[in-house]
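Chain identifiers are assigned alphabetically (A, B, ...) following the order of the sequence lines, protein sequences preceding nucleic acid strands; residue numbering begins at 1 within each chain.
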Amino acid sequence: MQKMKRIKIAELIKGQADGSTVNVKGWVRTKRGSKGVAFIQLNDGSSINDLQIVVDLDKLGEDCVKLAHTGACLSIIGKTVASQGTGQSIEIQADSIEVLGGADPEKYPMQPKAHSMEFLRENAHFRPRTKTFSTVLRLRHGLAFAIHKFFHEKGFYYLHSPIITGSDAEGAGEMFRVTTLDARKPPLTETGEVDFSQDFFGKSTNLTVSGQLEGEIAAMAMGEIYTFGPTFRAENSNTARHLAEFWMIEPEMAFYELEDNMALAQEFIQYLIRFALANYPDDLKFLDEKLAKEESQKKAEERSEMGLIEKLKFVVENDFKKLSYTEAIEVLKNSNYHKKGKFQYNEIKWGMDLQSEHERYLVEKEFKQPVILFNYPKNIKSFYMKQNENEEVGKETVRAMDVLFPGIGEMIGGSQREESYEKLLKVVTEKKMPLDSLWWYLDLRKFGTAPHAGFGLGFERLIMFVTGMSNIRDVIPFPRTPKNAEF
RNA sequence: UCCUUCUUAGCUCAGCUGGUUAGAGCACAUGACUGUUAAUCAUGGGGUCCUAGGUUCAAGCCCUAGAGAGGGAGCCA
């Protein structure tokens with residue numbers, strides 16, 4: 001058999017049905033046919049669309065498609081012809097079929113039918129071969145690329161913040177310990193504690209929960225930077241919105257104040273969604289239809305008013321609703337939900353942390369669009385956030401912001417940072433934080449401090465919104481959650 | 001971690017008030033069919049009813065414990 005250059009299906013279906021001979025390779029989605037002719041639906045991941053291979057059984061013999069079961073990998077040489085069927089405009093008339101890898105249909109778990117998302121998670125090694133999941137992976141790639149494109153075009157620098165951190169002061173939750181000590185009998189100090197001075201780094205280290213503090217180092221020299229990397233939280237969170245290992249984008253900008261930060265957050269998200277709409281129309285159309293089908297099975301009052309693409313366009317075309325925490329409390333207090341006692345936490349008062357039902361009310365019922373909440377009470381937010389000035393005692397707020405999305409909750413959390421050395425030191429002392437591991441962070445305020453701000457965007461939550469997938473475990477190839485690190 | 005629901009064929013699920021040999025659709029195999037689009041039609045094989053105890057003449061069904069999963073909540077991105 002002569003060696004022929006392989007052509008990707010995405011490229012092939014864009015071209016003309018001119019009778020030219022090509023070689024395509026891919027995996028069988030499904031096979032069907034009758035006595036004289038068989039049809040193989042082939043996909044190679046380059047596109048959501050399958051390629052239809054037409055096999056003349058009288059010419060090639062019945063045996064040539066015997067092993068072309070769902071999941072098998074084939075290399076096919078044939079002619080590109082205009083399709084006689086209605087599902088596609090171009091197809092391949094096969095001249096030869098080579099089975100690169102068979103897939104025993106009695107044992108191969110994937111079938112040419114709809115599988116539940118739970119089942120696919122348990123078969124994560126074959127999950128990318130499904131239409132839904134390959135679509136999610138293509139969009140995931142596209143959005144990752146668009147993130148770099150956006151920041152590059154704006155003059156931001158991509159900073160690689162460390163994955164192993166010696167700082168336990170980030171305060172963003174439980175951490176995973178990184179150690180080379182013997183787990184069965186670690187060296188102990190005289191007082192019976194584990195002696196981390198004998199550990200690999202000579203101190204206790206963990207996987208990062210945020211690159212923000214290191215990001216600030218770079219922002220105080222390079223101006224505008226962003227990080228984009230894996231992030232780890234050892235919280236025992238069992239929800240459709242949390243992962244133990246996820247990817248986070250954290251821009252950090254010198255000379256930005258809270259308002260600039262909010263404007264950047266909106267511009268950023270809108271840019272990414274616009275990119276997805278422009279570059280992945282087929283994939284989004286498929287997800288749009290899939291979601292519409294799921295919605296039609298729900299009760300009328302639970303159905304969302306907009307389709308996926310409609311929703312994405314709406315977000316691109318409209319400013320986010322900006323609202324201070326104090327205003328949000330008033331809105332909640334005056335809401336019918338509150339008056340009728342519909343909130344589970346129905347005692348709404350200034351200073352409380354908003355429950356997700358409150359956030360959902362604001363986003364999904366009251367404003368029906370993305371909402372940016374800002375100026376939160378000082379007591380419920382992190383130590384590094386800049387405090388507002390001239391406020392009533394007991395009503396102090398910090399320049400924090402959360403970007404809330406329908407169906408997702410918090411997509412972005414960020415703030416203007418406290419740039420005053422004295423004020424930051426005061427908070428660090430009040431909160432009894434370990435000064436010895438924060439010395440370099442405080443130094444940034446001591447030498448050449450500047451107003452600055454930044455935020456963190458959960459990459460998987462963004463993908464959830466863009467794809468309409470309802471579980472975060474279905475937008476990352478290998479989800480890590482409590483009790484689950486298979487694959 | 002808490003609340004709640006669930007676990008029956010390869011997959012999705014039904015299984016009545018506890019009663020004899022546990023069902024369906026899809027998938028798979030075989031056959032029929034000259035171009036199908038989740039092809040269609042016919043026939044067939046396929047079960048540790050999540051696990052371990054218990055109640056009962058009798059348990060897929062009731063009780064206890066455990067494991068896993070879904071949904072909701074908390075923590076957050």
State which of B:rG35, B:rG74, B:rC76 makes the closest approach to the side chain of A:Arg461. B:rC76
Counting the atoms with a prime plus P, OP1 and OP2 as sugar-phosphate, which does A:Asn238 contact under 4.0 Å by heavy atoms, base, sugar-phosphate, or nothing? base
Just call it for A:Thr231: base, sugar-phosphate, or nothing, with non-hydrogen atoms closer than 4.0 Å on any strand. nothing
Using a 4.0 Å heavy-atom cut-off, does A:Gln111 contact any base of the nucleic acid, only the sugar-phosphate backbone, or nothing at all? base
Looking only at side-chain N and O atoms, does A:Arg32 come under 4.0 Å of OP1 or OP2 in B:rU36? no
Tell me whether the guanidinium CZ or amine NZ of A:Lys431 lies under 6.0 angstrom from the six-membered ring centre of A:Phe383 and within 45° of its axis. no
At 4.0 Å (heavy atoms only), tell me whether A:Gln52 reaches a base, stays on the sugar-phosphate, or touches nothing. base
Check A:Glu486 with A:Arg480, please: is the shortest side-chain N to carboxylate O separation under 4.0 Å? no
Under a cut-off of 3.5 Å for both distances of each Watson-Crick or G-U pair, what dot-bracket string does RNA chain B give, using [ ] for crossing pairs and | for inter-strand pairs? (((((((..((((.....[...)))).(((((.......))))).....(((((..]....))))))))))))....
Distance check needed: B:rC76 P versus A:Arg241 CZ, whole Å only. 12 Å
Under 4.0 angstrom, heavy atoms only, what part of the nucleic acid is A:Lys107 near: base, sugar-phosphate, or nothing? nothing
Side-chain atoms of A:Lys66 come closest, of B:rA77, B:rU30, B:rA27, to B:rU30
When the ring centroid of A:Phe268 is compared with that of A:Phe150, is the distance short of 6.0 Å? yes
Checking B:rA29, B:rC11, B:rA69 against the side chain of A:Glu118 (C-beta onward), the nearest is B:rA69
Whether over 12 other heavy atoms sit under 6.0 Å from A:Glu430 CD: yes
Which of the following nucleotides, B:rG70, B:rC76, B:rA27, is nearest to the side chain of A:Arg473? B:rG70
List the steps, then state whether side-chain hydrogen bond (donor to acceptor under 3.5 Å, both in side chains) holds for A:Thr326 with A:Asn375. CA-CA 8 Å; A:Thr326 306; A:Asn375 285 349; over 6 Å; no
N or O in side chain of A:Ser116 less than 4.0 angstrom from B:rU12 OP1/OP2: yes
State which residues pass ring-ring contact (aromatic ring centres under 6.0 Å, His included) with A:Tyr226; sequence neighbours excluded, sorted by chain then number. A:His148, A:Phe151, A:Tyr158
Of the listed nucleotides B:rC28, B:rA77, B:rC11, the one nearest the side chain of A:Phe119: B:rC11
When you measure from the side-chain N and O atoms of A:Asn471 to the phosphate of B:rG71, is any distance below 4.0 Å, counting only OP1 and OP2? yes
State which residues pass ring-ring contact (aromatic ring centres under 6.0 Å, His included) with A:His358; sequence neighbours excluded, sorted by chain then number. A:Phe343
What integer distance in Å separates A:Glu122:CD from B:rU12:P? 8 Å
Give A:Gly87 one of three labels, base, sugar-phosphate or nothing, depending on what nucleic acid heavy atoms sit under 4.0 Å from its own. base
So is the aromatic ring of A:Phe246 stacked onto the base of B:rA77, judging by whether the centres are under 5.5 Å apart and the planes are under 30° apart? yes
